[in-house]
Structure formats: structure tokens, C-alpha cells
Amino acid sequence: MPRRGLVAGPDFEYFQRRYFTPAEVAQHNQPEDLWVSYLGNVYDLTPLAQEYKGDLLLKPIVEVAGQDISHWFDPDTRDIRKHVDPLTGSLRYRTPWGRFLHVPPQLPRSDWANDFGKPWWQGSRYEVGWLSAKTRNIRIINTLTSQEHTLEVGALESMWEILHRYLLYNAHAASYTWKYEGKNLNMDYTLEENGIRDEEEKFDYLNMDSTLYTPAVLLYFSDDLTEL
């Protein structure tokens, strides 16, 4: 494990989070910054949008930028859903929202170019991570400055990934010891694995507002302000 000052941890210059929340995906909703999610994964289709800029077949994809499009797919085949075309009687991709890039036309056409290789939805070339199926809020309190921030994080994210999110508010986040109820957190573990339970369902069962109690992680200064 590399070290930065006194703190051991990953090299955040190259560190990449594995999970993204639906809210994060929703922020990438423009042709020049276009993300979608489907079947539990997150994809950055910006290069695709740039390659086919101005193509009418790009329009259905641009219209769902920042959204989850799992309903486009058959979860068993991980391919676009199909149906029997009433015009030709053959099995075709089902695209009620309009034909889009790499979907063959209904009938043979001289302008149909199929030399693109694999369709954009197959393979992992545009994949950037996984979609967090369950998210939760966590409060992070800097005991040195008394600053507090509430973050929405994925339930399966490690503490390192949460720390990476928190860098937006504190570039020296790795210069602190992270604790919960007086105990040092294992940064390789998730919140749940560190004993920070997600009690939202329990609060709902008791008809209580779960937002009134958000677990707090306390940060104690312990390093030389090494900036990540």
C-alpha cells in the first residue's frame, strides 16, 4: 500500500470509484457529456455522441441522457429487446422510442452501413462503473474545523471511495483518521462492514423520518496536510 505523508492508502491520482449513484448519472445529460445506465452498469457514451454528431439516429440516445435505460434490454441476453415485426414477420429489435444507432433498418437499404463492428451496447468499451442500486446518506464532520457535510453514497462503496467523494470538500481528507463512535474505520470496508448500519427500513416501519438520524463519521487531524 503506497503512503502519502503518514497515511497509507491508494494513489488518488489514478484512483477510480467503482460505484455511481443515479443522481450522479443524471448530471451527465448533455450530448457533450452523455452517460446512461442499464442492467446495473454505468456507461459514458460521450465518445459515441461525438463520433455521430448530427446523425438523426443519435436523437433517441440523447433524449435519455443521464437516465437508466434498462427497459430497453432483455436482462437474459443483455441485448436490445426483440419482437416479431408485423411488416416482415421476422424478429427485429423493438424500438418504440425510434430507431437509434447500430440498429438495422426495418427493410434493406442502400445507405445502411454495418461496418461499425459491435453495436455500442455490447462489450465494455464505454463502461465506467456500476450503478448503486441502494444509496444512503452519511454525515462527515471535520473535528478540526467543525465543518460538516452530508454525502449520498452507494451502500457497497468502500470508505476509500467515500473519501474520494469527500475530496471535493476537503483536499486533505486522507490526512485525517476516520472514526465512528470512537473506533477507527477500516477504509477497505463498507459502512455496513464498519458497523454503521443502514436503519432506513426500520425507521420506515416505525413511521419515523429517517432523515432525522443520519450516522456521523468524525475526522481527526493526524497528518501533514498532504494534498491528494
Between Leu219 and Trp178, is a side-chain contact (heavy atoms from CB on, under 4.5 Å) present by the stated rule, with each step listed?
CA-CA 5 Å; Leu219 274 56; Trp178 291 50; 3.7 Å; yes
How close do [X] and [Y] get, heavy atom to heavy atom, and via which atoms?
X	Y	result
Ala173	Tyr166	CB-CD2, 3.6 Å
Tyr180	Gly195	CE2-O, 4.0 Å
Ala174	Leu163	CA-CD1, 4.1 Å
Ser37	Asp68	OG-OD1, 2.7 Å
Gly182	Lys179	O-CD, 4.1 Å
Ser222	Thr177	OG-OG1, 3.2 Å

Would you say that [X] contacts [Y] through its side chain, given a criterion of any heavy-atom pair below 4.5 Å between the two side chains?
X	Y	result
Ser132	Glu24	no
Phe116	Leu101	no
Arg165	Ile140	no
Trp130	Asn41	yes

Going by atom type alone, with no hydrogens or angles, which donor-acceptor pairs under 3.5 Å involve a side-chain atom of residues 47-61 and a protein atom two or more places apart or on another chain?
| from | atom 1 | to | atom 2 | distance (Å) |
| --- | --- | --- | --- | --- |
| Tyr52 | OH | His102 | NE2 | 3.1 |
| Asp55 | OD1 | Leu57 | N | 2.8 |
| Lys59 | NZ | Glu63 | OE2 | 2.4 |

What's the separation between atom [atom1] in [X] and atom [atom2] in [Y], rounded to the nearest 0.5 Å?
X	Y	atom1	atom2	result
Arg139	Thr150	CZ	OG1	6.5 Å
Tyr169	Leu167	OH	CG	11.5 Å
Thr145	Asn170	OG1	CG	7.0 Å
Tyr176	Asn142	OH	CG	4.0 Å
Arg17	Glu157	CZ	CD	6.0 Å
Asp198	Leu191	CG	CG	9.0 Å

Co-membership, hydrophobic cluster, residues [X] and [Y], 4.5 Å side-chain:
X	Y	result
Val64	Tyr126	yes
Tyr19	Ile138	no
Ile69	Leu45	yes

Show your reasoning for whether side-chain contact (heavy atoms from CB on, under 4.5 Å) applies to Leu91 and Val84.
CA-CA 5 Å; Leu91 199 62; Val84 176; 4.3 Å; yes
[X] (side chain) donor-acceptor with [Y] (main chain) under 3.5 angstrom:
X	Y	result
Ser158	Asp188	no
Asn194	Ile196	no
Gln122	Pro119	no

No-hydrogen, no-angle side-chain donor-acceptor test under 3.5 Å, Thr21 and Thr135
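Thr21 vs Thr135: no donor-acceptor pair found between side chains.
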Do Ser90 and Asp85 have side-chain atoms, one donor and one acceptor, less than 3.5 Å apart?
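No donor-acceptor contact under 3.5 Å links the two side chains.
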Taking atom NZ of Lys134 as the centre, report whether more than 12 heavy atoms of other residues, nucleotides or ligands fall under 6.0 Å from it.
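Count over threshold, so yes.
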More than 12 heavy atoms of other groups within 6.0 Å of Gln16 CD:
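At most 12 heavy atoms, drawn from other residues, nucleotides or ligands, come within 6.0 Å of this atom.
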Audit row: Arg94, Ile80, side-chain contact (heavy atoms from CB on, under 4.5 Å) steps and yes/no
CA-CA 7 Å; Arg94 182 178 179 274; Ile80 303 296; 5.8 Å; no
When clusters are formed from ILVMFWY side-chain contacts under 4.5 Å, directly or step by step, what else is grouped with Val128?
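Reading the cluster by chain and number, Val128 sits alongside Phe20, Val25, Trp35, Val42, Leu131.
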Residues clustered with Tyr189, ILVMFWY side-chain links under 4.5 angstrom
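None, because no other hydrophobic side chain comes under 4.5 Å of this residue.
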Decide yes or no on side-chain contact (heavy atoms from CB on, under 4.5 Å) for Trp72 and Trp121, but give the supporting numbers first.
CA-CA 11 Å; Trp72 287 18; Trp121 60 86; over 6 Å; no
For Glu192, is there an ion pair with Arg197 - N to carboxylate O distance below 4.0 angstrom?
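Yes, charged N to carboxylate O under 4.0 Å.
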Once you measure the plane-to-plane angle for His71 and Trp97, does it fall in the parallel (<30°), tilted (30-60°) or perpendicular (>60°) bin?
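Taking Trp97 first and then His71, their aromatic rings stand perpendicular (interplane angle over 60°).
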